Amino acid sequence: MTRRSTWRPHVADAWAQRFQRFSSTGQSIGAWGQRGPGGPFDMNYPRTIAIQPGSRRIWVSNERGHHLQVYNYPTSTSAAPTYVAQIGQ
C-alpha cells in the first residue's frame with residue numbers, strides 16, 4: 001500500500017453497522033451508518049469498502065442486504081460523504 005499525505009484508511013464495520021474513516025495516523029475522522037433496510041446510510045452488515053480511483057467514490061458492500069451503497073468522497077477532512085445511489089435490493 002502506498003502512503004501519501006492524502007491517504008485516509010476506510011473500514012467497513014459489520015458489527016456496528018457503519019463505515020469509518022481514519023487519519024493517516026490512525027485517529028477516527030468519522031463514522032457513518034446505522035442498521036436499516038436500505039436508506040442513504042442504512043447498513044446491513046457492511047463487509048467490504050473500496051475507493052474508486054479518479055472519481056473517488058466510496059463503494060460499500062452490505063452482505064446481508066445484498067446491495068452496494070455508493071457515496072461521493074468528502075470534500076474536506078471534517079465533511080461527511082454524500083449519498084449517490086444504492087445498487088441491488
Side-chain angles (χ1 to χ4, degrees):
M1 185 178 308
T2 304
R3 287 190 77 155
R4 291 176 265 146
S5 62
T6 58
W7 180 69
R8 303 277 186 263
H10 286 68
V11 174
D13 186 348
W15 295 110
Q17 306 294 335
R18 64 185 181 184
F19 64 99
Q20 294 180 263
R21 182 171 47 151
F22 295 88
S23 72
S24 59
T25 61
Q27 290 186 309
S28 178
I29 295 174
W32 303 274
Q34 69 273 334
R35 178 93 163 90
F41 284 89
D42 287 352
M43 301 288 155
N44 198 345
Y45 293 92
R47 293 287 184 189
T48 307
I49 191 166
I51 310 298
Q52 182 177 354
S55 72
R56 293 187 59 146
R57 285 207 164 147
I58 302 168
W59 295 74
V60 181
S61 68
N62 285 278
E63 178 183 304
R64 293 189 185 164
H66 308 290
H67 64 269
L68 296 169
Q69 299 282 53
V70 185
Y71 304 90
N72 283 325
Y73 200 86
T75 55
S76 71
T77 303
S78 61
T82 54
Y83 179 75
V84 175
Q86 176 177 304
I87 301 169
Q89 296 178 347

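Since the structure is predicted, the reported quantities are computational estimates derived from the model, not experimental observations.
- The hydrophobic clustering, which links ILVMFWY residues whose side-chain heavy atoms are closer than 4.5 Å, places Tyr83 and Ile49 together.
- Every residue meeting the side chain to side chain contact (heavy atoms under 4.5 Å, CB included) condition with Ala79, not counting sequence neighbours, appears here in chain and number order: Pro74, Thr75, Ser76.
- You'll find the side chain of Tyr71 stays beyond 4.5 Å of the side chain of Trp32, heavy atoms only.
- Annotation: the span from His10 atom NE2 to Ile29 atom CD1 amounts to 8.0 Å, rounded to 0.5 Å.
- Closest non-hydrogen pair, Gly39 versus Gln69, comes out as O-NE2, 2.9 Å.
- Centroid-to-centroid, the aromatic rings of Tyr45 and Trp15 come within less than 6.0 Å.
- Cluster annotation: Ile51 is connected to Met43 through the hydrophobic network of ILVMFWY side chains, with a link wherever side-chain heavy atoms come within less than 4.5 Å.
- Listed here is the closest heavy atom pair of Arg47 and Ala12: C-CB, 3.8 Å.
- In this view, His66 and Gln89 satisfy the side chain to side chain contact (heavy atoms under 4.5 Å, CB included) rule, not counting sequence neighbours.
- In this structure, Pro81 and Phe41 approach most closely via the heavy-atom pair O-CZ, 3.4 Å.
- A distance of 11.0 Å separates CD1 in Ile58 from CD in Gln52, rounded to the nearest 0.5 Å.
- In terms of modelled atom types and a separation under 3.5 Å, the side chain of Arg21 and the main chain of Thr77 share a donor-acceptor contact.
- For Arg35 and Asn44, the side-chain atoms include at least one donor-acceptor pair closer than 3.5 Å.
- Considering only residues two or more places apart in sequence or on other chains, Val84 meets the side chain to side chain contact (heavy atoms under 4.5 Å, CB included) condition with Arg57, Val70, Asn72.
- For the atom pair OG1 (Thr48) and CG (Asn62), the distance works out to 9.5 Å, reported to the nearest 0.5 Å.
- Closest non-hydrogen pair, Asp42 versus Pro37, comes out as OD2-CD, 3.4 Å.
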